[in-house]
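Report on one structure; see the data block that follows.
Everything numeric in this text was worked out from a predicted model, so none of it was measured.
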Amino acid sequence: MHFGYANPKFKYKMGDQELQETEEEKDLGVYVNSSMKFGRQCAESVKKANKMIGIIKRNFTNFDRKVVLNLYKALVRPHLDHCVPVWKPYLKKDIQLLEGVQRRMTKIIHGMRNKTYEERLKELRLMTIEQRHLRQDMITFYNITQGRINMQVDNYVDILRESNTRGHNMKIRPSRVRLEVRKNSTYFKRLWKAWNELPQEAVTAQTLNKFKNSIAECGIFKGRGDLLSR
């Protein structure tokens with residue numbers, strides 16, 4: 001697979017066998033293509049999630065809040081969360097496609113059908129899918145900084161530990177990229193602004209639960225009890 005419009009697309013061999021060029025591959029359940037737009041992955045995730053919603057609607061008669069939320073978090077939402085730091089969408093159409101799953105699921109709860117999506121989220125204390133994915137990005141980077149994920153982060157960002165600006169002293173500065181597709185799809189490029197706005201007590205938290213508690217009251221996450229769930 002070749003990435004980038006200016007890629008010379010060299011041929012490669014393994015022994016005497018020339019490797020076949022491909023435009024898309026599936027690895028660990030994630031579809032990756034040469035454009036890095038992840039539209040196929042979004043579609044497949046939504047397809048699996050909607051299929052599970054259909055199974056739930058056919059096999060359950062009790063749609064009160066507790067039952068539906070437990071089913072949603074256990075059987076539906078994991079399809080939208082799987083490996084999302086790798087493939088988090090940035091195109092509006094893909095973001096709305098994922099959000100549509102949660103819109104559909106929250107609407108089947110008794111007493112929620114005639115409320116707006118925003119009202120349902122507030123009453124159910126749920127984040128949007130986009131907010132949840134940002135939260136997972138932050139948790140992943142926190143684990144990287146704590147050494148729980150073996151990754152040479154210096155190859156991708158500079159950690160400004162002696163920053164004299166407002167906020168914490170572990171701000172990051174990603175390397176520059178020219179292509180818009182890399183700007184939006186690269187993990188560190190989409191994370192750095194939100195990470196740099198975190199308070200000092202969040203980035204220096206000693207445990208993951210303390211980190212979650214700290215970011216629970218930050219900006220767009222404030223008041224969403226769902227932030228602390230897996």
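Checked by atom type and distance alone, the side chain of Q17 never pairs as donor or acceptor with a backbone atom of M14 at under 3.5 Å. With hydrogens and angles disregarded, no donor-acceptor distance shorter than 3.5 Å links the side chain of E123 to the backbone of L121. The main-chain N or O of I172 is found under 3.5 Å from a side-chain atom of N196 such that the two form a donor-acceptor pair. Panel note: side chain Y187, backbone D137; a donor-acceptor pair is recorded below 3.5 Å. Proximity of a side-chain donor or acceptor of H82 to a complementary backbone N or O of L28 within less than 3.5 Å is detected. In this structure, E25 contributes its side chain and V32 its backbone to no donor-acceptor pair below 3.5 Å. For Q131 (side chain) and T128 (main-chain N/O), a donor-acceptor pair under 3.5 Å exists by modelled atom type.
The two atoms that bring I139 and K212 nearest to each other are CD1-CE, 3.9 Å, heavy atoms only. In plain terms, the two heavy atoms of P8 and F10 that are nearest each other are CG-CE1, 3.3 Å. Taking every heavy atom of both residues into account, F38 and V86 meet most closely at CZ-O, 3.6 Å. In this structure, D94 and K37 approach most closely via the heavy-atom pair OD2-O, 3.8 Å. Smallest separation of non-hydrogen atoms from V30 and Q41: CA-OE1, 3.2 Å. The minimum heavy-atom distance linking M127 with Q102 is given by the pair O-NE2, 2.8 Å.
Between E18 atom CD and K13 atom NZ the span is 6.5 Å, to the nearest 0.5 Å. Taking CD from E119 and CE from M112, the interatomic distance works out to 9.5 Å, rounded to the nearest 0.5 Å. To the nearest 0.5 angstrom, M52 atom CE is 10.0 Å from M105 atom CE. Interatomic distance, CG of N143 versus CE of M151, reported as 12.5 Å (0.5 Å rounding). Here CG of L75 is found 8.5 Å from CD1 of I55. Values are rounded to the nearest 0.5 Å. Rounding to the nearest 0.5 angstrom, the gap separating the CG atom in D64 from the CG atom in N70 is 9.5 Å.
Ion pairing between a basic and an acidic side chain is recognised when a charged N comes within 4.0 Å of a carboxylate O; R40 and E44 show such pairing.
I144 and L198 fall within the same hydrophobic cluster, where Ile, Leu, Val, Met, Phe, Trp and Tyr residues are linked whenever their side-chain heavy atoms come under 4.5 Å apart, directly or through other members. A single hydrophobic cluster is not seen to contain both V46 and Y31; linkage of ILVMFWY side chains at heavy-atom distances under 4.5 Å, directly or through other members, places them apart. Under the 4.5 Å side-chain heavy-atom criterion for ILVMFWY residues, no single connected hydrophobic cluster contains both I95 and L97.
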query = Please walk me through it: do R103 and R120 pass side-chain contact (heavy atoms from CB on, under 4.5 Å)?
reply = CA-CA 9 Å; R103 287 179 183 272; R120 297 198 299 273; 4.1 Å; yes
task = Apply side-chain contact (heavy atoms from CB on, under 4.5 Å) to R135 and R132, showing your working.
result = CA-CA 5 Å; R135 172 247 198 190; R132 181 171 174 82; 3.7 Å; yes
request  = For the pair L126 and K73, evaluate side-chain contact (heavy atoms from CB on, under 4.5 Å) and give the outcome as yes or no after the intermediate values.
outcome  = CA-CA 11 Å; L126 291 174; K73 293 176 181 179; 4.2 Å; yes
query = How far apart are the C-alpha atoms of V76 and L71, what are their side-chain angles, what is the distance that settles it, and do they pass the side-chain contact (heavy atoms from CB on, under 4.5 Å) test?
reply = CA-CA 7 Å; V76 178; L71 289 171; over 6 Å; no
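Scanning for salt bridge (Lys or Arg N to Asp or Glu O under 4.0 Å) contacts around K51 gives an empty result, with sequence neighbours left out.
Side-chain contact check for Q206 versus Q146: every heavy-atom pair is 4.5 Å or farther apart. Between I129 and V101, every side-chain heavy-atom pair lies at or beyond the 4.5 Å cut-off. Using a 4.5 Å heavy-atom threshold, the side chains of H168 and T204 count as separate. Inter-residue side-chain proximity for I108 and F63 is flagged as met; some heavy-atom pair is nearer than 4.5 Å.
The number of heavy atoms from other shown groups lying within 6.0 Å of CD (E130) does not exceed 12. Residue R148 places its CZ atom among more than 12 non-hydrogen atoms of other residues, nucleotides or ligands, all under 6.0 Å distant. The neighbour count for N59 CG, taken as heavy atoms of other residues, nucleotides or ligands under 6.0 Å away, is above 12.
Pairs passing the ring-ring contact (aromatic ring centres under 6.0 Å, His included) check and including a residue from residues 98-151, sequence neighbours excluded, read F141-F188, F141-W195, Y142-F211.
Under the 3.5 Å distance criterion, with hydrogens and angles disregarded, no donor-acceptor pair is assigned to the side chains of E201 and S214.
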